[in-house]
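Report on the following structure.
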Amino acid sequence: HLSLRLSLYTHSFDEEEEEAKMFRNQYDTDVTTWSPTGRLFQVEYAMEAVKQGSAAIGLRSRSHVVLASVNKAQSELSSHQRKIFKVDDHIGVAIAGLTADGRVLSRYMRSESINHSFTYESPLPVGRLVVRLADKAQQVCTQRSWKRPYGVGLLVGGLDESGAHLYYNCPSGNYFEYQAFAIGSRSQAAKTYLERRFESFNESSREDLIKDAILAIRETLQGETLKSSLCTVSVLGVDEPFHFLDQDSIQKVIDTFEKVPEEEEDGGEAEAEAAAAPAEQGGAGDQDVAPMEM
Amino acid sequence: LPVWFSINADYFFLQFTIPIDNGDSVKTAEADSQRTLYPYVTGTSIVAIKYKDGVLMASDMGGSYGSTLRYKNIERMKAIGKHSLLGASGEISDFQEILRYLDELVLNDNMWDDGNSLGPKEVHNYLTRVMYNRRNKFNPLWNTLVLGGVKNGESYLGMVSMIGVSFEDNHVATGFGNHLARPILRDEWHADLSFEDGVKLLEKCMRVLLYRDRSAINKLQIAKITEEGVTVSQPYSLKTFWEFKAFNNPTAGAEGSW
């Protein structure tokens, strides 16, 4: 219990205001217990787990969806965790939070997608997949006291008859549709960047969309030099099945805006309070960018 | 769960063998009455072609009870959802069962209310799964189905048989139509037929079937499906000619024969 309280206080502070009030209380032991104010605390704690994971970003235009993530490795010796999964040729998912939970849900999505394809010889509409996913999270979440919510947020991007879509599924079982979104640690920086530019995304070309995704990823790095080895980028669109961009392509895009090689700042120890300031500067756009002050 | 996953609970307790007549009268009688062994009330051929604006399908309105032409007002073509038209030959009650499955499918699809809708390709594939699955359980739906439709400007025409054989083509025919109508279609069908030419072609096929198929009756309907939707014509008859000289006095050369 003590460790739980500690973790609630030491997470990064670049979140919404409400969570500052999260104390341990007597209504949070069970997922099936309501608080007197009508909250399910275990569900809310599960949403916190999403913020622990490294950042994942999604954006869409009318015809394409780009999913990108930061490659976090446990140590220099290990490889980084996979956070983006192909669900079908026309659907991809990026996760943040408990990656183990994310893997299981990705497998569920793949299974639903392939069953639909087999019966109807036709791709499963993303909107329907997302609802089934949300129901599964809901069922597990609140209906049974011997289960716990999934501790992972999913950015589901896909294409169907009605166009390109990006959805965010959270552990509470809610899902929302977005033009662009970011989840995970330091995602607020990316969200600020995206908020400034999202109105143009619908008409963006595929290349601009990819560039914006990588720039948004850079926001979450808070001073670390952006290298292609630090991020994973995936694209899907009309006439373009889901696939990952290889390191060279990513590096090429990075080179178009990181013309000035940055001096090595002090690692990635981000003082999260200052998240807002670098975000303003980084968001200055696609032109030659001044090195971030950190 | 998809419909074709539903298993008749009785099957778990009964022997699942094909009855062989070896003189044994105790033949797991219950098992037999649970599955289709032969058809009872059947419809005859369906003929369908793709044309310029979509698909045209023709069928007569007869339901035969063995060799008796018992029912003369059976509609064997029905609209499915917004984009498809289903025609069936074979056992009429199985056709009605299929219509109920599809009703449920279309209802659930509509309930999503999300801008996506089942097109002819999806319905055709679903039916293929259902028919093949039933065949695997030795309990077929005794029909040959013709599925036509138009979605997003693309015409679609396919067929599924009672054993689950399924394919698409520009023109299809079931039952006797396979033998009598198909050769005509192969010779005379071409892409972008106008509506009038398409109807003429179908009527030519139906007339041949009327002359030669004993379970055909002279009361047919033609259905049209285009991007706008489905229309099924009122029943009408074809003009026939029976005054061929050879038929006039057929027993002239051999009195007493017929």
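Just so it is clear: chains get the letters A, B, ... in the order the sequence lines come, proteins before strands, and each one is counted from 1. Because the structure is a prediction, the values reported are computed rather than measured.
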Check your understanding: How far apart are the C-alpha atoms of A/E121 and B/Y126, what are their side-chain angles, what is the distance that settles it, and do they pass the side chain to side chain contact (heavy atoms under 4.5 Å, CB included) test?
Key -> CA-CA 8 Å; A/E121 186 97 20; B/Y126 172 79; over 6 Å; no
Review point. Where does B/L127 contact chain A at under 4.5 Å (heavy atoms): side chain, backbone, both or neither?
Key: neither
Whether over 12 other heavy atoms sit under 6.0 Å from [X] [atom1]:
X	atom1	result
A/E207	CD	yes
A/Y168	OH	yes
A/I114	CD1	no
A/Y178	OH	yes
A/Y108	OH	yes
B/K82	NZ	no
A/D239	CG	no

Exercise for review: Report yes if some heavy atom in the side chain of A/V131 is under 4.5 Å from a heavy atom in the side chain of B/W112; otherwise report no.
Suggested key: yes
How many angstroms lie between [atom1] in [X] and [atom2] in [Y], if you round to the nearest 0.5 Å?
X	Y	atom1	atom2	value
A/S162	B/D114	OG	CG	6.5 Å
B/N116	A/D160	CG	CG	4.5 Å
A/H116	B/E122	NE2	CD	7.0 Å

Review point. Stepwise, does the side chain to side chain contact (heavy atoms under 4.5 Å, CB included) test hold for B/V123 with A/Y120?
Key: CA-CA 7 Å; B/V123 178; A/Y120 300 101; over 6 Å; no
Check your understanding: Using 4.0 Å as the upper bound for N to carboxylate O, is an ion pair formed by B/K151 and A/E161?
Key -> yes
Practice item. Kindly say whether A/S122 contributes a backbone atom to a donor-acceptor pair with the side chain of B/N125 at under 3.5 angstrom? Key: no
